[in-house]
Amino acid sequence: MPEWLKDAAFYEIYPQSYNDTNGDGIGDFDGITEKLDYIKSVGFNALWINPCYDSPFMDAGYDVRDYKKAAPRYGTNNDLFRLFGEAHKRGIKVFLDLVPGHTSDKHKWFLESKKQERNEYSDRYIWADHAFFMKGHPYIAGMSERDGIYMLNFFASQPALNYGFAHPNEPWQMSYDSEAAIATREAMKDVMRFWMDRGCDGFRVDMADSLVKDDDPDKKYTGLLWQNVREMFDKEYPECALVSEWSNPEQSILNGFHMDFTLDNPQTGYRSLFRDYRDVLSKSGGSGINSDSVDLAQDKSYFRSEADSDITKFLDWYLPQYNKTKDKGYISIISGNHDTPRLRRTLSYDELKIAYAFMYTMPGVPFMYYGDEIGMRYLDIPTKEGGYGRTGTRTPMQFNHEANYGFSDAKAEDLYLPQDPSLDAPTVEEQEADKNSLLNTIRAELTLRHKYDDLKADAPFTVLHAEKNDPLFVYKRGNLTCAVNPSKRETSFEGVSGSKVLFSLGETELSGNKITLKPQSFMVIG
């Protein structure tokens with residue numbers, strides 16, 4: 001396990017929306033490099049960059065045309081290598097986004113696989129010889145020279161790579177340990193080696209649990225694949241790491257991943273923290289999940305003060321997973337990502353400050369999505385590059401109140417996506433000048449995390465108080481005690497140790513072994 005993960009705080013960057021240095025309206029590698037000092041100043045020491053490989057961009061880069069070539073709209077391979085180097089000078093690690101389940105239908109592997117004459121790529125994808133053979137799976141027919149149909153992953157432009165089937169029961173289905181499935185796995189390991197040899201520090205793995213088709217409920221055979229990849233990491237790249245898009249730590253971490261995300265899935269408990277609401281249909285004609293489409297009266301999110309909720313729904317999922325994996329890897333709590341509505345959609349700045357204080361004092365390796373540090377809004381805008389309802393979370397970063405919020409010198413109509421038109425749209429520059437801003441509060445929270453070993457990813461975690469119908473959550477991290485009250489009522493608890501308040505938000509009191517938290521408050525005691 002790489003030692004640096006213990007103190008890592010990740011910052012996710014959607015490259016087309018972060019910083020444009022050549023005036024074409026799309027962010028680029030040099031734009032990220034230009035902002036490394038800012039990123040470091042907030043307290044982030046690791047980056048996750050969404051797919052930046054050559055692509056037709058039918059799915060915002062998750063349709064890869066060439067795994068070893070940077071997308072020209074972001075720059076060249078050398079520009080990305082320079083980004084690695086400049087980040088490392090500042091003590092910042094850099095993860096790329098690995099997309100192992102499918103490629104673009106323009107990838108050279110697939111162009112060869114489509115040919116009728118057999119070649120080394122014929123079995124790189126999942127094919128059947130007859131249109132009615134592939135029951136239960138999405139497929140494309142009639143689009144190739146080859147006499148057959150091919151399986152899809154999600155979009156029509158994303159043919160599924162062949163890692164085999166857990167239990168083949170049709171002639172066209174290959175086993176997970178077939179020569180072809182192993183060749184696909186080794187080709188993906190070759191891609192990882194290419195970037196790690198040039199400075200990449202690891203990968204976030206897209207849909208990591210979906211590779212072997214028709215796998216068992218425990219993902220046994222996909223797990224064997226990742227165990228093999230982990231062996232390569234431990235032997236050849238021991239300082240590099242993997243984080244999975246899986247959201248089942250018991251499966252992902254025990255099968256080789258160093259970290260696993262808490263995704264915004266109903267079954268994980270994560271949603272109960274920030275997005276425990278239902279959407280209603282939008283009347284705007286945009287994506288359908290604008291900020292006005294949430295029925296706030298039904299929003300039971302723990303960190304929404306009006307909800308007066310409790311932490312138990314989250315802990316019912318989290319604690320069993322944590323206890324099974326705490327010595328083997330890290331659960332990563334995220335502010336959000338490119339697939340989820342931004343938290344500012346329903347949470348105020350004060351609510352966000354407390355939510356992030358919780359996130360940065362919990363075990364594991366935290367991830368924050370760009371723009372969440374200033375409370376950027378979710379926008380109700382039309383889909384772009386396969387984004388659909390997610391598009392409003394992918395708008396360009398807001399650095400200042402100059403043209404295009406400092407994102408680009410391009411004309412507004414040429415930007416990758418439109419920006420927040422509100423007069424009070426948040427910016428980095430404005431919040432830098434306000435000592436009580438969300439940005440500066442996150443700075444203080446990350447400073448605290450980096451300062452104390454008891455707040456690092458691997459420090460012990462014990463729940464002291466968490467009860468139904470009680471908003472107060474009290475927990476220990478090593479010798480420190482943390483307490484959060486996101487509600488609008490006063491709460492108290494007796495039985496804490498420590499004589500000094502090391503950090504607080506809102507009004508809090510420490511008297512002997514008793515703590516009192518006024519509405520919307522947080523404290524750390526040591």
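Residues: numbered from 1 along the sequence shown.
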Problem - Short side-chain to backbone donor-acceptor contact, Gln321 and Tyr318, under 3.5 Å - result: no
Problem - Under 3.5 Å donor-acceptor, Trp226 side chain and Ser244 backbone - result: no
Handout entry: Backbone N/O of Asp264 and side chain of Thr268: donor-acceptor pair under 3.5 Å
Key = no
Exercise for the section: Kindly say whether Ala70 contributes a backbone atom to a donor-acceptor pair with the side chain of Asn77 at under 3.5 angstrom? Expected result: yes
Problem - Six-ring centre of Tyr121, Lys108 cation under 6.0 angstrom, axis tolerance 45° - result: no
Practice task
Quick one: list whatever passes salt bridge (Lys or Arg N to Asp or Glu O under 4.0 Å) with Asp190, sequence neighbours left out.
Solution key: Lys68
Problem - Atom pair CG/CD1 of Asn19 and Ile13 - distance to nearest 0.5 Å - result: 9.5 Å
Problem - Arg342/Asp372 salt bridge by N-O under 4.0 Å criterion - result: yes
Problem - Residues Asp30 and Arg82 bridged, charged N to O under 4.0 Å - result: yes
Handout entry: CD (Glu179) with more than 12 external heavy atoms under 6.0 Å
Key = no
Handout entry: Atom CG of Asp409 with >12 non-hydrogen neighbours under 6.0 angstrom
Key = no
Problem - Full working for side-chain hydrogen bond (donor to acceptor under 3.5 Å, both in side chains) between Asp299 and Ser301 - result: CA-CA 6 Å; Asp299 185 357; Ser301 302; 2.6 Å; yes
Handout entry: Glu112 side chain vs Asn119 backbone, donor-acceptor pair below 3.5 Å
Key = no
Exercise for the section: Under the salt bridge (Lys or Arg N to Asp or Glu O under 4.0 Å) rule, collect the residues that match up with Asp316, sequence neighbours excluded. Expected result: none
Exercise for the section: Please say whether more than 12 non-hydrogen atoms of neighbouring residues, nucleotides or ligands are located less than 6.0 Å from CD in Glu145. Expected result: yes
Handout entry: Spacing of Asp414 atom CG and Asp20 atom CG [to the nearest 0.5 Å]
Key = 10.5 Å
Practice task
Please name all residues satisfying side-chain contact (heavy atoms from CB on, under 4.5 Å) with Ala128, sequence neighbours left out, ordered by chain then number.
Solution key: Phe133, Met134, Ile149, Trp172
Practice task
Determine, for Phe274 and Arg271, whether the Lys NZ or Arg CZ falls below 6.0 Å from the six-membered ring centre while staying within 45 degrees of the axis.
Solution key: no
Exercise for the section: For residues Trp317 and Tyr270, determine if any side-chain heavy atom of one lies less than 4.5 Å from a side-chain heavy atom of the other. Expected result: no
Practice task
Apply ring-ring contact (aromatic ring centres under 6.0 Å, His included) to Phe367 and list each qualifying residue two or more places apart in sequence or on a separate chain.
Solution key: Phe10, Phe261
Handout entry: Working for side chain to side chain contact (heavy atoms under 4.5 Å, CB included), residues Lys115 and Ser122
Key = CA-CA 8 Å; Lys115 293 179 179 179; Ser122 295; over 6 Å; no
Problem - Asp7: side-chain hydrogen bond (donor to acceptor under 3.5 Å, both in side chains) partners, not counting sequence neighbours - result: His450
Exercise for the section: For this output row, return yes or no: ring centroids of His107 and Tyr67 closer than 6.0 angstrom. Expected result: yes
Handout entry: Ring geometry between Phe154 and His102 (parallel below 30°, tilted from 30 to 60°, perpendicular above 60°)
Key = perpendicular
Problem - Qualifying residues under side-chain hydrogen bond (donor to acceptor under 3.5 Å, both in side chains), relative to Trp127, sequence neighbours excluded - result: Ser113
Completion exercise
d(Asp201 CG, Met196 CE) to nearest 0.5 Å is 10.0 Å
Fill in the blank from the handout: Applying side-chain hydrogen bond (donor to acceptor under 3.5 Å, both in side chains) to Lys324 and not counting sequence neighbours gives Glu250
Exercise for the section: Without swapping roles, check the side chain of Gln251 against the backbone of Pro217 for a donor-acceptor pair under 3.5 Å. Expected result: yes
Handout entry: N/O donor-acceptor pair under 3.5 Å between Tyr221 side chain and Asp177 backbone
Key = no
Problem - Sidechain N-carboxylate O distance under 4.0 Å for Asp206, Arg204 - result: yes
Exercise for the section: Indicate, with yes or no, if the rings of His167 and Tyr176 have centres closer together than 6.0 Å. Expected result: no
Handout entry: Distance in Å, Met1 CE paired with Phe233 CZ, rounded so as to fall on 0.5 Å steps
Key = 12.5 Å
Completion exercise
Sequence neighbours excluded, the answer for side-chain hydrogen bond (donor to acceptor under 3.5 Å, both in side chains) partners of Tyr11 is Tyr18, Glu373
Handout entry: From Thr391 atom OG1 to Leu379 atom CG, the distance as rounded to the nearest 0.5 Å
Key = 10.5 Å
Handout entry: Residue from Trp109, Tyr125, Phe110 passing ring pair (Phe, Tyr, Trp, His ring centres under 6.0 Å) with Tyr150
Key = Phe110
Exercise for the section: Working to the nearest 0.5 Å, report the span between SG of Cys200 and CG of Leu80. Expected result: 8.0 Å
Handout entry: Side-chain donor or acceptor of Arg390 paired with backbone N/O of Gly387 under 3.5 Å
Key = yes
Problem - All salt bridge (Lys or Arg N to Asp or Glu O under 4.0 Å) counterparts of Lys89, not counting sequence neighbours - result: Glu86
Exercise for the section: Examine distances only and state if a side-chain atom of Asp214 and a backbone atom of Ala166 form a donor-acceptor pair shorter than 3.5 Å. Expected result: no
Exercise for the section: Would you please test Asp105 and Ser157 for side-chain hydrogen bond (donor to acceptor under 3.5 Å, both in side chains) and show each step? Expected result: CA-CA 5 Å; Asp105 56 7; Ser157 59; 5.3 Å; no
Exercise for the section: Applying side-chain hydrogen bond (donor to acceptor under 3.5 Å, both in side chains), run through Gln116 and Asp147 and close with a yes or a no. Expected result: CA-CA 7 Å; Gln116 180 65 18; Asp147 183 15; 5.3 Å; no
Practice task
Scan for side-chain hydrogen bond (donor to acceptor under 3.5 Å, both in side chains) pairs involving residues 44-55, sequence neighbours excluded, and state none if there are none.
Solution key: Glu12-Asn50, Trp48-Asp97, Asn50-Tyr62, Asn50-Asp97, Asn50-His338, Asp54-Arg65, Ser55-Asp63
Handout entry: Minimum side-chain heavy-atom gap Pro159-Thr103 below 4.5 Å
Key = yes
Problem - With Ser272 via side-chain contact (heavy atoms from CB on, under 4.5 Å) - residues at least two apart - result: Asp276, Lys313, Phe314
Exercise for the section: Tell me, please, which residues at least two apart from Arg124 pass salt bridge (Lys or Arg N to Asp or Glu O under 4.0 Å). Expected result: none
Handout entry: Test item: Ser252 side-chain N/O and Asn248 main-chain N/O as donor-acceptor pair under 3.5 Å
Key = yes
